[in-house]
Trainee: 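Pasting a structure below so you can have a look.
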Amino acid sequence: MADQQQNFRAPRGVDDILPDDQTLWNAVKSTAIQTARQFGYQQIDTPVFEHTGLFRRGVGDETDIVQKEMYSFKDLGGDSLTLRPEGTAPVCRSYIEHGMHNLPQPVRLFYIAPMFRYDRPQAGRYRQHHQFGCEAIGDPSPTIDAEIIEIGLRYITALGLSDVTVRINSIGDPATRTGHADDLRAYFTRYANDLPKVDRDRLDRAPLRLLDSKEPATQKLSANAPKSLDYLSDDAKNHWESLLTLLDGLKTAYPNFNYRIDHTLVRGLDYYNRTVFEFEPSTEGSQTSLFGGGRYDPLIGILGGNDTPGVGFGSGIERIILEIQRQESLKVANPPLNAVMVHVGDNATNRAAALAAELRNYGISILMAPAGKSMRAQMRYANRANANYAIIIGNREIEQNVAAIKPLQFDGEQLSVDLEVAAIAKTVCPIL
RNA sequence: GUGGGCGUAGUGUAGCGGUUAACACGUCAGGUUGUGGCCCUGAAGAUCGAGGGUUCGACUCCCUCCGUCCACCCCA
């Protein structure tokens, strides 16, 4: 608890995104937007908070997210609201609410939005994080599953990331899923004595979870455990096999693409069925999964809409950025300003301010050096500002009705031009 | 919720049972006549995370709490 004497810090698990980081953030976000648009996806923003019931029903009452990770609160009217912990349920709610089933199907949507989970922070995990997500609603075909995965591929490729493995699995439909879960439970129960405590504890609660356990003993048992792929209905099996064919077809366009069928891959949220996938870099450390997604055919029905299939993914921007920095895969820099205005003396300051405003009408970017400081101080300021030119106006210039223009990024002659917008604009921004 | 590492100026670090708590970067001001980058000089900036204890004396040793990082659970 910060008392009155202490300075405030950001709450645990949330961070400022400082100016130095914004360049990379913007690059990542605009890559996401470009990629999604290239596939014909349209942007959607849903509110930061929703009725708590949306997540309880959509994500699943028994999931960890709902059980212990939601930022829920009552508003002054007594409604229970929750800061969005994930993006799919809200998008589906919006799809239903706005009758998007009347649009040509499937409806393809994407978002970039903050998510909130009350979780213990660690590397790559925050209480507020941002996700780039895509959702395709209204098409049961595996071509859309493949499309969703391809968006992910194109996105990470555009960001220059390599060494990313795509793991994929099918967990079947709700009916066969419970059969599989029951058999899994039975299988692991037989070896209960060999299971480490953590895994014995979740045997009842979440038998699927034992498959991706980090305990070596459990991993050994998982190898021979019942596989969800052996439980697929004929429909689900066809869907799965078509998807694999489609993914193989992507290898021409994405020579480095390789997927790995991984029967230990399960997803934590209740609404998934059939296809599930994850993108993972070869980083050591553990909270590194860059993408998670899959098909969620039951969800719209669960939320009260007509049965409508859907498939999508969410990708953590913070993790993408960590990985970009680790691989040094993307170098970005802000473009320099056109000029810094250096002005000494009250007359000069007034002229300079007016002139700067006029120059901005030309689309020129211009930064005012701090008023009232020495020319040296202003020049030092200009030097740090990442600008191409200093426009220098002092008493001498006012008298002679000129502006001194000095290049800052390279050694060159200082010029003297008429104290007049067009002339200065042309000097400071030659393409004009 | 559980376990481990770490907490000294804005940042990164040094330090030791007794010092005016050091260094670098950064910030600010200067380096003669109005002009940046390199260089030089100077200044500001730290109740050494908080509270308690041991001691003649603690930034330094012990305990508690808090914060932070990492890991587990789980997830993006």
Side-chain angles (χ1 to χ4, degrees), chain A residues 1-3 5-13 15 18 20 59 62-69 84-88 112-133 152 196-199 201-202 205-206 208-210 212-215 266-269 278-281 284-293 312-323 340 342-345 348 369-370 373-387 389-399 404-411 414:
Chain A
M1 301 293 155
D3 64 34
Q5 302 288 344
Q6 260 166 341
N7 292 127
F8 288 109
R9 333 172 93 258
R12 162 174 289 186
D15 263 319
L18 297 171
D20 280 352
V59 178
E62 301 307 313
T63 59
D64 275 32
I65 287 184
V66 170
Q67 290 275 308
K68 51 179 201 184
E69 295 178 2
R84 166 181 56 209
E86 62 96 43
T88 301
I112 295 173
M115 305 292 164
F116 304 85
R117 292 180 202 170
Y118 185 81
D119 221 346
R120 201 66 175 263
Q122 71 187 74
R125 193 170 65 198
Y126 311 91
R127 288 183 173 182
Q128 180 189 63
H129 75 280
H130 297 75
Q131 280 188 28
F132 164 46
K197 188 178 176 310
V198 264
D199 285 330
D201 288 347
R202 56 184 171 181
R205 190 162 48 86
L208 287 171
R209 293 246 74 92
L210 296 209
D212 64 352
S213 170
K214 283 171 187 165
E215 298 290 337
V266 291
R267 303 241 91 236
L269 316 186
E278 204 162 290
F279 283 37
E280 206 161 287
E284 67 297 341
S286 51
Q287 310 302 327
T288 55
S289 172
L290 299 175
F291 274 71
F313 69 76
S315 170
I317 295 185
E318 284 82 354
R319 288 189 188 171
I320 289 281
I321 283 178
L322 284 174
E323 191 59 20
V340 175
V342 172
H343 45 95
V344 177
K373 296 210 178 197
S374 70
M375 181 161 290
R376 168 191 231 120
Q378 292 195 44
M379 285 304 291
R380 282 184 169 159
Y381 186 87
N383 182 50
R384 299 295 233 92
N386 186 30
Y389 293 93
I391 301 172
I392 303 167
I393 301 178
N395 293 330
R396 197 186 295 158
E397 282 74 20
I398 298 278
E399 262 172 46
I405 297 184
K406 179 167 189 175
L408 295 174
Q409 303 283 3
F410 56 93
D411 290 314
Q414 176 168 311

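Worth knowing before you read on, the calculation uses all heavy atoms, side chains too, and leaves out hydrogens, waters and symmetry mates. Naming: A, B, ... by sequence-line order, numbering from 1 per chain. Note that the structure is predicted; figures quoted are calculated from it, not measured.
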Trainee: Identify whether any heavy atom of A/Leu290 sits under 4.0 Å from a base atom; if not, whether one sits that close to sugar-phosphate; answer base, sugar-phosphate or nothing.
Mentor: sugar-phosphate
Trainee: With rounding to the closest Å, how many angstrom separate the C1' atoms on B/A21 and B/U47?
Mentor: 13 Å
Trainee: At less than 3.5 Å, do the side-chain atoms of A/Arg319 and the base atoms of B/C75 form a donor-acceptor pair?
Mentor: yes
Trainee: Whole Å only: how far is the CG atom of A/Asn395 from the P atom of B/U35?
Mentor: 14 Å
Trainee: If you check the A/His129 side chain, which of B/A76, B/U35, B/C73 turns out closest?
Mentor: B/A76
Trainee: Could you tell me which residues satisfy salt bridge (Lys or Arg N to Asp or Glu O under 4.0 Å) with A/Lys68, sequence neighbours excluded, listed by chain and number?
Mentor: A/Asp64
Trainee: Nearest of B/U68, B/G36, B/C73 to any side-chain atom of A/Arg9?
Mentor: B/U68
Trainee: Please determine whether a side-chain nitrogen or oxygen atom of A/Gln122 lies at a distance below 4.0 Å from atom OP1 or OP2 of B/C69.
Mentor: no
Trainee: Hey, does A/Gly124 reach any base, or is it just sugar-phosphate, or nothing, if we go heavy atoms under 4.0 Å?
Mentor: base
Trainee: Is there any protein nitrogen or oxygen under 3.5 Å from a nitrogen or oxygen in nucleotides 2-11 of chain B, and what are the pairs?
Mentor:
unit_1	atom_1	unit_2	atom_2	d
B/U2	O4	A/Arg120	NH1	2.8

Trainee: Side chain of A/Lys68, base of B/G1: donor and acceptor closer than 3.5 Å?
Mentor: no
Trainee: Checking the side chain of A/Arg84 only, and the main-chain atoms of A/Met115 only, is there a donor and an acceptor separated by less than 3.5 Å?
Mentor: no
Trainee: Determine which nucleotide pairs with B/C23, using a 3.5 Å limit on both distances of a Watson-Crick or G-U wobble pair.
Mentor: B/G12
Trainee: Between C1' on B/C65 and CZ on A/Arg12, what's the gap in Å once rounded to a whole number?
Mentor: 13 Å
Trainee: Does any nucleotide pair with B/C65 by Watson-Crick or G-U wobble geometry, both distances under 3.5 Å, and what is it?
Mentor: B/G49
Trainee: May I ask you to decide if A/Gln131's main-chain N or O and A/Ser315's side chain share a donor-acceptor pair within less than 3.5 Å?
Mentor: no
Trainee: Using the P atom as the reference point in each nucleotide, state the distance between B/G7 and B/G49 in Å, no decimals.
Mentor: 8 Å
Trainee: Once you apply a heavy-atom cut-off of 4.0 Å, does A/Ser289 come out as touching a base, just sugar-phosphate, or nothing?
Mentor: sugar-phosphate
Trainee: Both distances under 3.5 Å, Watson-Crick or G-U wobble: report the partner of B/A58, or none.
Mentor: none
Trainee: Does the B/U35 base have a donor-acceptor partner in the side chain of A/Gln414 within less than 3.5 Å?
Mentor: yes
Trainee: Between C1' on B/U35 and CG on A/Leu408, what's the gap in Å once rounded to a whole number?
Mentor: 10 Å
Trainee: Just call it for A/Ala123: base, sugar-phosphate, or nothing, with non-hydrogen atoms closer than 4.0 Å on any strand.
Mentor: sugar-phosphate
Trainee: Between B/A22 and B/A14, how far is it from one P atom to the other, in whole Å?
Mentor: 16 Å
Trainee: In the structure shown, which nucleotide is the Watson-Crick or G-U wobble counterpart of B/A76, with both distances under 3.5 Å?
Mentor: none
Trainee: Rounded to whole angstroms, how far apart are CD on A/Glu86 and C1' on B/A76?
Mentor: 11 Å
Trainee: Determine the interatomic distance between C1' on B/A71 and the same-named atom on B/G18; round to the nearest Å.
Mentor: 41 Å
Trainee: For A/Arg127, give me all partners under salt bridge (Lys or Arg N to Asp or Glu O under 4.0 Å), at least two apart in sequence or on another chain.
Mentor: none
Trainee: If we call it a pair only when both distances are under 3.5 Å in a Watson-Crick or G-U wobble match, what pairs with B/U2?
Mentor: B/A71
Trainee: Can I get a per-line list of side-chain donor-acceptor pairs under 3.5 Å for residues 375-385 of chain A, giving both atom names and the distance, sequence neighbours left out?
Mentor:
unit_1	atom_1	unit_2	atom_2	d
A/Gln378	OE1	A/His343	N	3.0
A/Gln378	NE2	A/His343	O	2.8
A/Gln378	NE2	A/Lys373	O	3.1

Trainee: Roughly how far apart, to the nearest Å, are B/G4 and B/G17 at atom P?
Mentor: 27 Å
Trainee: Can you measure A/Ile320 atom CD1 to B/A76 atom C1' for me and round it to whole angstrom units?
Mentor: 9 Å
Trainee: Check whether any side-chain N or O of A/Arg209 sits under 3.5 Å from a backbone N or O of A/Arg202 as a donor-acceptor pair, and report yes or no.
Mentor: no
Trainee: Taking a pair as Watson-Crick or G-U wobble with both distances under 3.5 Å, which nucleotide is matched to B/G42?
Mentor: B/C28
Trainee: If you take atom types as modelled and just measure distance, does the side chain of A/Arg202 reach the base of B/C73 with a donor-acceptor pair under 3.5 Å?
Mentor: no
Trainee: Provide the distance between the two C1' atoms, one in B/C62 and one in B/A44, to the nearest whole Å.
Mentor: 37 Å
Trainee: Within the structure shown, what part of the strands sits under 4.0 Å from A/Phe291 by heavy-atom distance: base, sugar-phosphate, or nothing?
Mentor: sugar-phosphate
Trainee: Report, as a single string ordered 5' to 3', how protein heavy atoms within less than 4.0 Å touch nucleotides 27-32 of chain B: B base, S sugar-phosphate only, - not at all.
Mentor: SSSBB-
Trainee: Considering only atom C1', compute the distance from B/C75 to B/U64 and round it to an integer number of Å.
Mentor: 33 Å
Trainee: Within this structure, what is the CZ-to-P distance between A/Arg127 and B/C69, rounded to whole angstrom?
Mentor: 11 Å
Trainee: Provide the distance between the two C1' atoms, one in B/U11 and one in B/G45, to the nearest whole Å.
Mentor: 13 Å
Trainee: Report which part of the nucleic acid A/Pro85 touches: base, sugar-phosphate, or nothing (heavy-atom distance under 4.0 Å, all strands).
Mentor: nothing
Trainee: Can you tell me whether the side chain of A/Asp411 and the base of B/G37 have a donor-acceptor pair closer than 3.5 Å?
Mentor: yes
Trainee: Send over the distance from A/Asp20 CG to B/C25 P, rounded to a whole Å.
Mentor: 19 Å
Trainee: Could you tell me whether A/Gln409 contacts a base, only the sugar-phosphate backbone, or nothing, with contacts defined as non-hydrogen atoms closer than 4.0 Å?
Mentor: nothing
Trainee: Who are the ring-ring contact (aromatic ring centres under 6.0 Å, His included) partners of A/Phe132, not counting sequence neighbours?
Mentor: A/Tyr155, A/Phe313
Trainee: Sub-3.5 Å donor-acceptor pair from the side chain of A/Glu397 to the main-chain atoms of A/Gly394, do we have one?
Mentor: yes
Trainee: May I ask you to verify if any side-chain N or O of A/Lys197 is less than 4.0 angstrom from the OP1 or OP2 atom of B/C72?
Mentor: no
Trainee: Can you tell me the pairing partner of B/G17 across any strand shown, Watson-Crick or G-U wobble, with both distances under 3.5 angstrom?
Mentor: none
Trainee: When the distance from CG of A/Asp119 to P of B/C72 is rounded to whole Å, what number comes out?
Mentor: 12 Å
